[in-house]
Amino acid sequence: MSSALETLRSGFGGDIIEPGAAEYEAASRTILGAGTPAFVLRPTSVEGVQAGVKFAVAAGLSLAVRGGGHSFPGFGTNDDGVVIDLSKLATVEIIDKDRHLVRIGGGAVWGQVAAALAPHNLAISSGDNKAVGVGGLTLTGGIGWKVRKYGLALDNLVAVELVTADGEVARVTKESNAELFWALRGGGGNFGIVTAFEFAAHPTTDIFFGRITFPAAELPTVLQGWADYLRTAPDDLTSSVTFANPFTGGPNAPVEVLVAFDGDDAELAAAAVDPIRQLGTVLEDDVVLKPYADILEEGMVPPPGIQIVTRSGFVNEASVPEVLQMLAAAGASERPPIVAIRSIGGAVSRIADDATAYAHRQAELMFFTTIVGPPPAIAAAQPGHDALWGSLAPHLSGAYANFLAGVSEEDVAAVYPSATYQRLAAVKRQYDPANLFAGNHNVRP
Ligand SMILES: Cc1cc2nc3c(=O)[nH]c(=O)nc-3n(C[C@H](O)[C@H](O)[C@H](O)COP(=O)(O)OP(=O)(O)OC[C@H]3O[C@@H](n4cnc5c(N)ncnc54)[C@H](O)[C@@H]3O)c2cc1C
């Protein structure tokens with residue numbers, strides 16, 4: 001270990017943070033994960049990432065990789081191992097103006113990307129939050145406010161620069177290595193550390209965005225009408241529904257429908273959004289034209305001692321009515337989880353199922369439920385939450401890795417159907433046979 005550490009220290013060029021250092025405590029946590037790593041490394045270059053990987057291997061330590069630090073299971077930290085925190089690799093560069101190609105450092109967050117692209121009237125469909133990392137979100141999906149028009153974040157990826165378990169670096173594209181590029185688009189952090197992502201961004205105008213709310217008593221009809229409408233709505237419209245939010249009334253909280261219409265034509269926007277307004281008694285409607293970068297929410301760190309448990313599911317068309325009825329009943333129960341449902345379909349469903357390792361293209365909806373609070377509140381809510389998921393299970397077609405706090409084999413099987421898993425495992429055997437990159441929804445070599 002000491003010679004490995006000496007090698008690392010000679011010319012690493014970034015921070016090497018160990019227990020006892022002033023910044024250790026902050027550096028060892030992510031927003032939802034606590035850890036006690038032996039080393040937190042903050043490389044400033046690709047060579048630094050390579051040195052960090054080689055150090056972890058030589059020292060025989062486990063490795064965690066951190067992009068934006070927002071994973072629900074807290075993958076971005078560990079105990080007694082090495083954390084490679086990519087936050088200093090966060091540049092956003094337009095590398096081809098005509099093709100809108102953008103190169104983004106592996107540790108950038110989506111707020112940095114949206115702000116850098118806004119002056120060029122460009123955007124990348126990503127997520128809803130500025131503080132979420134490009135890395136974690138993209139490598140397992142990326143369901144954002146333009147998902148129905150431009151697909152998942154990973155559908156807009158054209159190349160990655162990857163440091164593999166042997167410490168080597170390569171630019172991976174469909175042409176250079178089709179199988180590894182397939183695996184990287186959905187297989188999460190299983191195959192190495194992405195030091196740069198190259199995306200094809202899309203031109204954007206300001207977009208119509210806002211919240212339309214309905215009384216809690218209208219939840220079942222609003223939900224079903226919303227899902228039916230989204231099935232045939234223009235791809236320019238992406239929408240989500242949230243209910244049972246404890247901060248606005250729990251079971252009595254208004255039903256919040258968020259809409260994002262990708263365009264600045266007021267008439268077209270009204271035509272797309274009005275059918276949603278007609279679903280029930282509108283309490284509040286603040287849909288207005290905004291810059292795309294302004295619709296992303298600011299990041300928020302939960303206060304100390306607050307836990308968050310999130311589970312996710314995909315729903316195919318045939319199961320939509322049953323699942324929505326069950327979620328509406330859960331939302332009206334005495335101690336409901338927060339429920340958020342996102343429309344997918346559109347561009348996502350028009351890409352071949354096996355084109356990437358994201359295996360849930362035919363799902364119409366992705367939803368997640370969240371229980372939040374101090375440990376006693378979580379313990380009290382957990383049995384009801386588990387029972388809800390027990391009854392939902394037969395109606396679901398899988399789970400979305402990005403909103404999944406569980407890491408059991410069952411969870412991994414819900415993320416990766418058997419054929420996808422087997423294909424990923426073959427790539428894993430080639431690029432990470434010792435499973436160095438295990439801090440994720442893990443594909444075993
Ligand atoms: C408030 C909030 C809002 C969210 N909103 C959305 C949303 O709108 N849409 C959506 O799809 N998801 C959303 N998510 C889920 C989000 O996509 C996941 O939590 C994702 O894992 C976060 O990525 P990160 O880089 O911030 O996380 P991290 O914890 O840093 O990374 C998680 C794991 O991803 C891998 N990883 C990250 N970066 C790299 C890299 N450069 N190279 C290799 N591996 C890497 C590693 O395995 C790492 O351990 C949200 C999450 C939160 C907490």
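Atoms within each ligand, like the ligands themselves, are counted from 1 in listed order. Note that the numbering runs from 1 along the sequence shown for the chain.
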* List every atom of ligand 1 that sits less than 4.0 Å from any heavy atom of Gly192, numbering the atoms from 1 in the order shown and giving each element. => 43 (C)
* Only heavy atoms count here, so choose which of Phe72, Phe197, Phe403, Trp110 is nearest to atom 14 (N) of ligand 1. => Phe403
* Asked: Backbone or side chain, does any N or O of Val134 fall under 3.5 Å from an N or O of ligand 1?
  -> no
* Asked: For ligand 1, is there an N or O atom under 3.5 Å from any N or O atom of Leu32?
  -> no
* To do: Could you tell me how the ring of Phe367 sits relative to the ring of Trp389: parallel (under 30°), tilted (30 to 60°) or perpendicular (over 60°)?
  => parallel
* Phe261 ring centre to Lys149 NZ or CZ under 6.0 Å, with the angle to the axis within 45°? -> no
* Does the N or O separation between Gly133 and ligand 1 drop below 3.5 Å for any pair? -> yes
* Asked: Judged by non-hydrogen atoms, does Gly142 sit under 4.0 Å from ligand 1?
  -> yes
* Out of curiosity, is Tyr400 lining ligand 1, as in a heavy atom under 4.0 Å away? -> yes
* To do: Determine whether the side chain, the backbone, both or neither of Leu86 has a heavy atom under 4.0 Å from any heavy atom of ligand 1.
  => side chain
* Taking the side chain as every heavy atom from C-beta outward, state whether Leu180 and Leu184 have any pair of such atoms under 4.5 Å apart. => yes
* **Any Val82 side-chain heavy atom under 4.5 Å of Phe55 side chain** => yes
* To do: For salt bridge (Lys or Arg N to Asp or Glu O under 4.0 Å), just list the numbers for Lys428 and Asp432, CA-CA rounded to whole Å, side-chain angles, deciding distance to a tenth of an Å, and then say yes or no.
  => CA-CA 5 Å; Lys428 182 84 171 174; Asp432 185 17; 2.8 Å; yes
* Decide whether an N or O pair under 3.5 Å exists between Gly67 and ligand 1. => yes
* **Winner among Gly33, Gly68, Pro302 once heavy atoms are compared against atom 25 (O) of ligand 1** => Gly68
* May I ask whether Thr30 places a heavy atom under 4.0 Å from ligand 1? => no
* Asked: Is Arg342 close to ligand 1, meaning an N/O of one under 3.5 Å from an N/O of the other?
  -> yes
* Check each of Leu137, Val49, Thr195 against atom 12 (N) of ligand 1 and report the one with the nearest heavy atom. => Leu137
* Could you tell me whether Gly127 and ligand 1 have an N or O pair separated by under 3.5 Å? => no
* Asked: To the nearest 0.1 Å, how far is atom 34 (O) of ligand 1 from its closest protein heavy atom, and which atom is that?
  -> Gly136 CA, 3.5 Å
* Would you indicate whether the side-chain heavy atoms of Val49 and Leu89 approach each other to under 4.5 Å? => yes
* Which atom pair, heavy atoms only, marks the closest approach of Gly136 to Asn402? -> O-OD1, 3.4 Å
* Pick out which of His441, Arg66, His70 makes a side chain to side chain contact (heavy atoms under 4.5 Å, CB included) with Phe75. => His441
* **Nitrogen or oxygen of Leu139 less than 3.5 angstrom from that of ligand 1** => no
* **Beyond-backbone contact of Ile276 with Leu279, side-chain heavy atoms, under 4.5 angstrom** => yes
* Asked: Are Arg311 and His385 side-chain neighbours, meaning at least one heavy-atom pair lies under 4.5 Å?
  -> yes
* **For Ile193, atoms of ligand 1 separated by under 4.0 Å from a heavy atom** => 42 (N), 43 (C)
* **Aromatic ring pairing Phe403/Phe368, orientation class (parallel under 30°, perpendicular over 60°, tilted between)** => parallel
* Does atom CZ of Arg350 have more than 12 heavy-atom neighbours from other groups under 6.0 Å away? -> yes
* Counting both backbone and side chain atoms, is some N or O of Gly144 under 3.5 Å from an N or O of ligand 1? -> no
* Heavy-atom side-chain contact between Ile16 and Phe39 under 4.5 Å -> yes
* Asked: Does Ala64 have a non-hydrogen atom less than 4.0 Å from ligand 1?
  -> no
* **Atoms of ligand 1 close to Gly135 [distance to a heavy atom under 4.0 angstrom, numbered from 1]** => 37 (C), 38 (N), 39 (C)
* **Asn129-ligand 1 polar pair, N/O distance under 3.5 Å** => no
* **Whether Phe209 and Trp145 hold their rings parallel, tilted or perpendicular, with breakpoints at 30° and 60°** => perpendicular
* Distance filter under 4.0 Å to Ile143 heavy atoms, resulting ligand 1 atoms -> 7 (C), 8 (O), 9 (N), 10 (C), 11 (O)
* **Test of proximity, Gly69 against ligand 1: N or O pairs below 3.5 Å** => yes
* Among protein heavy atoms, which lies nearest atom 29 (O) of ligand 1, and at what distance? -> Ser71 N, 3.0 Å
